[in-house]
Protein chains: 2
Amino acid sequence: MTLHLPSKRCTGDDRRRAVALAARALIVERGLEGLRTRDIAARVGINIATLHYHVPSKEALVALVAESVRLDFRAQAERRPRTGKTALEQLRLEFDDFRETVEEMPELIIVLTEMIERARRDPAIAAIVAPIQEHWRTQFAEIFELGIADGSFRPNLDPVAAALITTGTLADYWRLLTPLRTPLDRVFAEIEHAFGAPHSSQGKQNHVL
Amino acid sequence: MTLHLPSKRCTGDDRRRAVALAARALIVERGLEGLRTRDIAARVGINIATLHYHVPSKEALVALVAESVRLDFRAQAERRPRTGKTALEQLRLEFDDFRETVEEMPELIIVLTEMIERARRDPAIAAIVAPIQEHWRTQFAEIFELGIADGSFRPNLDPVAAALITTGTLADYWRLLTPLRTPLDRVFAEIEHAFGAPHSSQGKQNHVL
DNA sequence: GGAGGTCTCAATCAAATGATTGATTGACAG
DNA sequence: CTGTCAATCAATCATTTGATTGAGACCTCC
């Protein structure tokens, strides 16, 4: 991968990547609403014309950003093997994952939220963003399904509804304006109580099966 | 309320109200991102200068819209007496309320979401929008607290966490891009199961106490 | 009837903004 | 050395957009 620090010229892909990252940073700062092609070019350190050479239009640019976010999410989702774990363990892994993402790449979530908002009136963006949400939801639904079978969770649990509740809770949590003294842990614990098997006291010790 | 159809002149408050409504409609169509003062003026049927006479700046206009949304939410929240009901009944009232809002004034929620997004980088809007969310959350927290006392809900329920889960779930539900064949009812039912007292089978018949 | 305030508009401004043009540079193949 | 092509830039365009100005119209109260 030729970096653009030593040599002045870069390959198109490198430039596009740099543009996407700069755009993401600017979206975090000023929102999609305040995103300007000039600012992106300036942050990358190139001319506006050069930007337009690599990314034909602003519409394409937003799509490029959405796509880069999608890839980042997929990459982050792929580097966790969950095989051979109980459902409860998998659920906690998922929680850890979320906490990690919130703490280490909050910018990624912010941009995703902006994209989701835009997706409501932009089918092209919707097509990119929907799979991300779908995948996340499915992930939880499968965990709950497994958990019903292995006894981690309530027998009368509705896996799909539970997944909707879980993803909705997490997606909305970080959106909260008030910094919120209620820590994420309490929410996680409450979700476990809410979906866990009623008799098995699966508080700290996980003696499933 | 003097309409502006027969007589040409209106009082300032009427105009401001009309401007706010037109702006809300435009936000639904094109987002805050695509909101243009000219378009608002055109929709109201007035000159741009007249718009600026009633609302000094675009910033003030966005604040006006946020404020109008806040008032609408407050009005909608106030017209429901919940005294003398059990916690479970109150929870279901709240669910009915949400469903009604989603079905009858989805535009209100869309605008609120845009405002929440903007609030992240605009303190003035944050100050208007935060109380709405706060109130909603508190509402549920109180219901859960009452429900623990009256036996509707689990004794080990964390009311604040449960409220966060509930509001997060609802707030995120309507945001979903895929029209989602999973009906709201299943989510509601799952929440009731999740927080309900484990032994009392409060599925359809509500024989609390 | 007129003084003063409220309300409205046509015309215009200055800045911002997405996009284009035409020329230049550097790398590399033959 | 030369032709080709990706990559880059300065300059500029055509609109868009938030905001202002100055001239009236309409209403109310005296």
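Residue numbering restarts at 1 for every chain, and letters A, B, ... go by the order of the sequence lines.
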Worksheet, complete the sentence: Per-nucleotide protein contact along nucleotides 15-21 of chain C, 5' to 3', at a 4.0 Å heavy-atom cut-off (B base, S sugar-phosphate only, - neither), is --BBBBB

Discussion item. Over 60° means perpendicular and under 30° means parallel, so tell me whether B/Phe98 and B/Trp136 are parallel, tilted or perpendicular.
Written reply: parallel

Practice prompt. To the nearest 0.5 Å, tell me how far A/Arg118 CZ sits from B/Glu114 CD.
Written response: 11.0 Å

Worksheet entry | Separation of atom CG in B/Leu51 from atom C1' in C/dC7, rounded to whole Å | 13 Å

Worksheet item: When the distance from NE2 of B/His54 to P of D/dA19 is rounded to whole Å, what number comes out?
Response: 16 Å

Worksheet item: From B/Phe140 CZ over to B/Gln90 CD, what is the distance, rounded to the nearest 0.5 angstrom?
Response: 11.0 Å

Discussion item. With a 4.0 Å cut-off on N to O distance, would you call A/Glu67 and A/Arg70 a salt bridge?
Written reply: yes

Fill in: Side-chain N,O (A/Thr50) to OP1/OP2 (D/dC9) below 4.0 Å
yes

Discussion item. Just checking B/Phe144 against B/Phe153, ring centres under 6.0 Å apart?
Written reply: yes

Practice prompt. Inspect the surroundings of CD in B/Glu59 and state if more than 12 heavy atoms from other residues, nucleotides or ligands are less than 6.0 Å away.
Written response: no

Worksheet item: Would you say A/Tyr53 reaches D/dT8's phosphate, i.e. side-chain N/O to OP1/OP2 under 4.0 Å?
Response: no

Worksheet item: Between A/Arg15 and D/dT8, is there a side-chain N or O to OP1/OP2 distance below 4.0 Å?
Response: yes

